[in-house]
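For reference, the structure discussed in these notes is given below.
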Amino acid sequence: MVVAHYTGMTVADMADLRSRCRANGASFRVAKNRLAVRALKGTPIEGIAHLFKGPTGIAVSDDPVAASKVASAYAKDNGKLVILGGAVGSTALDAEGVKALASLPSLDELRGKIVGLLVAPATKIAGVLQAPAGQLARVIAAYSKKDAA
């Protein structure tokens, strides 16, 4: 979850932010501050309740990195979105923590890297096994061309 102020954003800006969030598996909603503070009472992230003052929005996603990536990228493009902090699991984050989290690869990117690491040795073995056969075929082809000439 990422908590941000959206002062000065137009309806078009807000629609753009929401569409970017949806494209990355996150959502952005305007928060009712009193309700958000009440909802946080008694939870492990009750410490971020002080962030809910003024025009506050919340970006949420199932992937711990997606919401922070979208919010940080949008904040770079549009200075009207100011990231205040957030939470991952039971850990409260400040604005710098959210930006640091945004620099991490997403869950899908990590899965892709792991699959790539697992597949790479098999690809290398296949290449090594094919190389002698290819060299033998080139030598035979060269001798057949030499005999034909």
message: With heavy-atom distances below 4.5 Å as the criterion, would you say the side chains of Val98 and Ser72 are in contact?
response: yes
query: Do Val3 and Phe52 come close enough that some side-chain heavy atom pair is under 4.5 Å?
result: yes
Distance (rounded to the nearest 0.5 Å) between Ile45 CD1 and Leu93 CG: 9.5 Å
- prompt: Do you know the tightest heavy-atom contact between Pro44 and Ser90?
  reply: CB-CB, 3.5 Å
message: Quick check: do Leu81 and Met9 have side-chain heavy atoms less than 4.5 Å from each other?
response: yes
task: Determine yes or no for a side-chain-to-main-chain donor-acceptor pair under 3.5 angstrom, with Asn24 supplying the side chain and Ala26 the backbone.
output: no
message: Within the 4.5 Å heavy-atom criterion, are Val2 and Ile58 side-chain neighbours or not?
response: no
message: I'd like to know if Asp94 and Lys99 make a salt bridge, using a cut-off of under 4.0 Å between side-chain N and carboxylate O.
response: no
query: For Arg18, does its backbone N or O pair with a side-chain atom of Tyr74 as donor and acceptor, under 3.5 Å?
result: no
- prompt: Hey, does Met1 have a side-chain heavy atom less than 4.5 Å from the side chain of Ile48?
  reply: yes
query: Lys80 side chain to Tyr6 main-chain N or O, any donor-acceptor pair under 3.5 Å?
result: no
message: Would the distance check show the side chain of Asp16 and the main-chain N or O of Asp13 forming a donor-acceptor pair, the cut-off being under 3.5 Å?
response: no
- prompt: Would a 4.5 Å heavy-atom cut-off, applied to side chains only, mark Val60 and Phe28 as touching?
  reply: no
Please list every donor-acceptor pair under 3.5 Å in which a side-chain atom of residues 32-40 meets a protein atom from a residue at least two apart or in another chain.
from  : atom 1 : to    : atom 2 : distance (Å)
Asn33 : OD1    : Thr56 : OG1    : 3.3
Asn33 : ND2    : Gly54 : O      : 2.8

field: Student check: side-chain heavy atoms of Lys69 and Leu104 closer than 4.5 Å
entry: no
